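So you know, we letter chains A, B, ... as the sequences are listed, proteins then strands, and number each from 1. It should be emphasised that the depicted structure is a prediction, and the values quoted were computed from it without experimental measurement.
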There are 2 protein chains.
Amino acid sequence: MNTWAIVPAAGAGTRLKGKVKKQFLSIGGKPVLARTLLNLSAAPEIDKIIVVAPSSEISRCKREIVDEYGMVKVNSVIEGGSTRQESVGFGFAALPDDVDLVIVHDGVRPFITGAMISSVVEAAAEYGAAITAINITDTIKEIKDETVVSTLKRDSLARVQTPQCFRHFILNQAMERALLDGFEGTDEASLVERLNVSVKVVEGSAANIKITTADDLKLAEALLNIDFK
Amino acid sequence: MNTWAIVPAAGAGTRLKGKVKKQFLSIGGKPVLARTLLNLSAAPEIDKIIVVAPSSEISRCKREIVDEYGMVKVNSVIEGGSTRQESVGFGFAALPDDVDLVIVHDGVRPFITGAMISSVVEAAAEYGAAITAINITDTIKEIKDETVVSTLKRDSLARVQTPQCFRHFILNQAMERALLDGFEGTDEASLVERLNVSVKVVEGSAANIKITTADDLKLAEALLNIDFK
């Protein structure tokens, strides 16, 4: 099956101080986005990759990441939108017609593994839609005005990550519907769920963190030195 | 105000392989529980500490942790129950009558800071009940049979941590009510919430992890070398 990855990396990175956007910051001497793309490139399931970057960073991304690391699976680096969902939509629009499966993976989650990719692709091929998630071990509460509203039952809750993977025609329908309805989701699966398509959940990893703050960057640096099983 | 800490450290640690219970495993050459207790001891707000340990570990805990590190604020090491809630209850029963504020903090959260302690004590003194929590950045979904049921609105959700702090009479009432009703909560605040007492939320930290798996232990080792602001 022809499987393409869309990698949204268009975030402004406003939560991290400094001029360099977080996807271009280095951990262990290599940009976060380069690590993400190298891990995606190493997966035999993935045929091609489309990177969605801020317009100001496209040439730099091509030069310092794609060319620098010889990433032959990267098909193109295109300009992102004003939201994550719009950026993924632009990536989707750039796919060729004969794509069967689409993987979406955050550019700022460099610790994606081959096992995650295999299992999410396999589940999406079988069920049409699949996401990675991990169990919640903390107590989760609903908060309003810095005061507890309620405590949720955590047994049935999961923290969702990327990669997420979908049959092309399902994600297409989900994105069209969201656009029509003006619905904005925090992940792609939430658009698919609105079609009443069932979404399969496979095992993510606690190490598969999203780098959005300066602390995350320090944590990521430390994670590089840990040998997780 | 007379402020005592109860530190549940009675978990069997079944999720971590090996014979040594997780609270006694070392990170950076020091047992997890010793780190937790040293950080609590360093807080000027805390007067005394009651540690709740498995019966088989009490003498070892006294010898290798309390005596070894000269922890003068540790009032006693008592035997735990079969659940976390029961263990905290035993700790509560061991408090003297003149205690004003009670802090509950997991023995396996060694990265508690002085700032967290100050803010949770201050908020509990003012409002009667306070917890530490951090914002949720991941998408949270309800899952059943490895399939998505729904996506929650994450804006209003928080991941709850310890320390949690309460006026003595409020926690007392909450624990009595829970016992009567046979209610088992995943944290102490959930017992207080059942009284319709409002619980204030103060800022925790992403680094304030709970060590429950072998991966957590590796992560904790790495966190030791990070200089969080």
Quiz item: What do you reckon, is CD of B/Glu146 surrounded by more than 12 foreign heavy atoms closer than 6.0 Å?
Solution: no

Quiz item: Measuring from B/Thr139:OG1 to A/Ile131:CD1, what's the distance to the nearest 0.5 Å?
Solution: 8.5 Å

Quiz item: Which region of A/Arg194, side chain (C-beta onward) or backbone (N, CA, C, O), has a non-hydrogen atom less than 4.5 Å from a non-hydrogen atom of chain B, or is it both or neither?
Solution: neither

Quiz item: Near B/Glu122 CD, under 6.0 Å, is it more than 12 heavy atoms from other residues, nucleotides or ligands?
Solution: no

Quiz item: Relative to chain B, which segment of A/Asp145 carries a heavy atom at a distance below 4.5 Å: side chain, backbone, both, or neither?
Solution: backbone

Practice problem: Measure the CZ-CZ distance between A/Arg154 and B/Arg159 for me, rounded to the nearest 0.5 Å. | Solution: 11.5 Å

Exercise. Nearest 0.5 Å please: distance from the CG atom of A/Leu157 over to the CG atom of B/Leu157.
Key: 8.5 Å

Quiz item: More than 12 heavy atoms of other residues, nucleotides or ligands under 6.0 Å from CD of B/Glu221: is that the case?
Solution: yes

Exercise. Evaluate whether atom CZ of A/Phe183 has more than 12 neighbouring non-hydrogen atoms of other residues, nucleotides or ligands under 6.0 angstrom away.
Key: yes

Practice problem: Check whether A/Ala129 gets within reach of chain B through its side chain, its backbone, both or neither, counting any heavy atom under 4.5 Å. | Solution: neither

Self-check item: Close side-chain approach of B/Lys141 and A/Asp187, heavy atoms under 4.5 Å
Solution: yes

Quiz prompt | Top of B/Ser190, B/Ser156, B/Ala222 for chain A proximity - count of heavy-atom pairs under 4.5 angstrom | solution = B/Ser156

Quiz item: Checking heavy atoms, do the side chain of A/Lys144, its backbone, both or neither come under 4.5 Å from chain B?
Solution: neither

Quiz item: Which of these passes side-chain contact (heavy atoms from CB on, under 4.5 Å) with B/Ile140: A/Val160, A/Ile136, A/Thr186, A/Leu152?
Solution: A/Ile136

Quiz item: At a heavy-atom separation under 4.5 Å, does A/Glu193 approach chain B through its side chain, its backbone, both, or neither?
Solution: side chain

Practice problem: Identify which part of A/Ala158 has an atom lying under 4.5 Å from any heavy atom of chain B, answering side chain, backbone, both or neither. | Solution: both

Exercise. Measure B/Ala123 against the heavy atoms of chain A and call it side chain, backbone, both or neither at under 4.5 Å.
Key: neither

Quiz item: For A/Ser150, is it the side chain, the backbone, both or neither that has a heavy atom under 4.5 Å from a heavy atom of chain B?
Solution: backbone

